[in-house]
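Structure, as structure tokens:
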Amino acid sequence: MPEGPELHLASLYVNKMCNGVVFTGPVRKSDVSKSPDVPFTCEAYRITATSRGKEVKLTLTPIKSDDPKQRVKSGHADQPMAVVFRFGMSGYFRFTKEEELPKHAHLRFYSKEKPCRVLSYVDARRFGSWEPNGTWQPERGPCIMFEYNSFRENVMSHLTDRAFDRPICEVLLNQKYFNGIGNYLRAEILFRLNIPPFVPARTVLEGLESQDLFDNEKPVKNEITDTKTKKKRMKEETADLLRLCHSVPLEVVNLGGKGYDPEKADYSDFEAWLQCYYVDGMKSLRDHNGRTMWFKGDPGPMAPKDSKSPKAKKRAKKEDDHDYTDKKKVARSRSVSTSKKKLVKGEAMTKMPNKEKEAGSKKIKTEKALREANTPHHEKKSARRRKSSIPDQAACAVSQRRSGRVTRQSAK
DNA sequence: CGTCCACGTCTAC
DNA sequence: TAGACCTGGACGG
């Protein structure tokens, strides 16, 4: 679940679910986990969470006894402890009844209630980790979402760093500067600005301001500028890559309780939100680190020539189950049409929308028809159909839109 | 059944 | 710049 927005949503989930809940006893770890034990035991404590970029910190706070003379049991904590988590590729938190512990619940905090409940850190692949008495990793930069000004300043004041010699799409994954950006966010952000992914990062960034005067909450006040200037500013504003590194992730947070790989119920909203990542019609290439970069149009001068682009094989959207919201699914009225934007006309190849399988969808027809109308039909990809899980219409339409398989240009 | 792919770091050659 | 570290879902045969 893991890019900045998901980590933040995880912190909101913990605060909401654990608000008012009293936890007790030791923190327990699964036998299979290689992460450290969390040496914290307490008769009564509370749990709160905060996030920063791609990390979440839980704070375990002992509750003082009413009885001032009651001593803290030996071996029991009387001071707060922080535990910092990184989610790897599949981490998330869940708060469940003890008998409903999720599979792969590797670290567990037990409530004091009668039938107790458990806050679990769940991580199927175990790439995630936690650190008792931890602090935010010092090598990671300021949070792209909640430390926007310092994030910006940190990037702009280090443009001479050799790190910026690399293609912008690869630099966006460098957590020293872009703490919170991950693979789907880099694709969405560059797509919004139509920036070729394999252009030298410094070229794209130099020229931007260290300070975003047009900051969020303060929409340029008392500034008497002529319309022209204003327009220009607006333009720059919307075209500012660093600003999008802040605002695009916040859009995901605002979708409410989900993000990548969330509960199936709400997942369709996230899918509908994606404009490029895994979307039919978009191209993809493996970057120099072997990560799939999704984009549209020109790859840019530093594109891995050689290369291996992703196998044109399977793609699938999983939809498991972790939703940080309680909201029951409301009828998804998301209109497909609104979510869809202009379709790209067939690019040189690589991926084209695939044809849909006759199987389920039917309402999709329209969309598809539209797309084909604008798309040169020279393609033939085998389309693989991703199961998308969401049964209702919008969902179908959405999944249809993005389910295509891609066909990589062959590798010669 | 087997292959490929996945929201991310880490560290070893 | 490669693996290593893991599980599991979607596909292909």
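Lettering of chains follows the sequences in order, A, B, ..., and the numbering in each one begins at 1.
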Side-chain H-bond candidate by donor/acceptor type, A:Asn15 with A:Thr48, under 3.5 Å
no
Would you check if A:Phe127 stacks with the base of C:dC5, given a 5.5 Å centroid limit and a 30° plane limit, both strict?
yes
What is the distance from CE of A:Met293 to C1' of B:dG8, rounded to the nearest Å?
16 Å
Hey, does the side chain of A:Gln175 come within less than 4.0 Å of B:dG8's phosphate (OP1/OP2), counting only N and O?
no
Separation of B:dT9 atom C1' from A:Phe85 atom CZ, nearest Å, is 17 Å
Would you please classify the geometry between the A:His158 ring and the A:Tyr177 ring as parallel, tilted or perpendicular, with 30° and 60° separating the classes?
tilted
Atom CD of A:Glu6 and atom C1' of B:dG8 are separated, to the nearest Å, by 13 Å
A:Asp165 atom CG is separated from C:dT1 atom P, nearest whole Å, by 12 Å
Nearest-nucleotide pick for A:Arg125, side chain only, options being B:dA6, B:dG8, B:dC10
B:dA6
Could you go through the ring pair (Phe, Tyr, Trp, His ring centres under 6.0 Å) check for A:Phe270 and A:Tyr184 one step at a time?
CA-CA 11 Å; A:Phe270 176 70; A:Tyr184 79 72; 5.0 Å; yes
Would you say A:Lys103 reaches C:dT7's phosphate, i.e. side-chain N/O to OP1/OP2 under 4.0 Å?
no
With the side chain of A:Glu3 defined as its heavy atoms from C-beta on, choose the nearest nucleotide among B:dA6, B:dG8, C:dT7.
B:dG8
For the pair made of CZ in A:Phe87 and C1' in C:dT7, what is the distance, rounded to whole Å?
17 Å
What's the closest nucleotide to the A:Ser129 side chain, out of B:dA6, B:dT9, B:dC10?
B:dC10
Rounded off to whole Å, could you give me the CZ-to-P distance for the A:Arg162 and C:dT1 pair?
11 Å
Whole-Å gap separating P (B:dC10) and CZ (A:Arg126)
16 Å
Most 5' of A:Asn183 and A:Arg86 on DNA chain B, judged by nearest nucleotide
A:Asn183
Go through B:dA6, B:dC10, B:dG8 for me and flag the one nearest to the A:Tyr277 side chain.
B:dA6
Got a salt bridge between A:Arg152 and A:Glu209, using NZ or NE/NH1/NH2 to carboxylate O under 4.0 Å?
no
Show your working on ring pair (Phe, Tyr, Trp, His ring centres under 6.0 Å) between A:Phe87 and A:Phe93 and close with a plain yes or no.
CA-CA 10 Å; A:Phe87 283 7; A:Phe93 284 112; 5.6 Å; yes
Can you check whether A:Phe178 reaches A:Phe151 side chain to side chain, under 4.5 Å on heavy atoms?
yes
Would you mind classifying the nucleic acid contact of A:Arg140 as base, sugar-phosphate or nothing, using non-hydrogen atoms under 4.0 angstrom?
sugar-phosphate
Ignoring the backbone of A:Gln137, work out which of B:dC10, B:dT9, B:dA6 is nearest its side chain.
B:dC10
When you compare C:dG9 with B:dT9, how far apart are their P atoms, in angstrom units rounded to a whole number?
24 Å
Of the listed nucleotides B:dG8, C:dG8, B:dA6, the one nearest the side chain of A:Arg291:
B:dG8
Whole angstroms only, please: what is the CG-P distance between A:Leu7 and B:dG8?
9 Å
Closest listed nucleotide, where the reference is the side chain of A:His104 and the choices are B:dA6, B:dC10, C:dG8
C:dG8
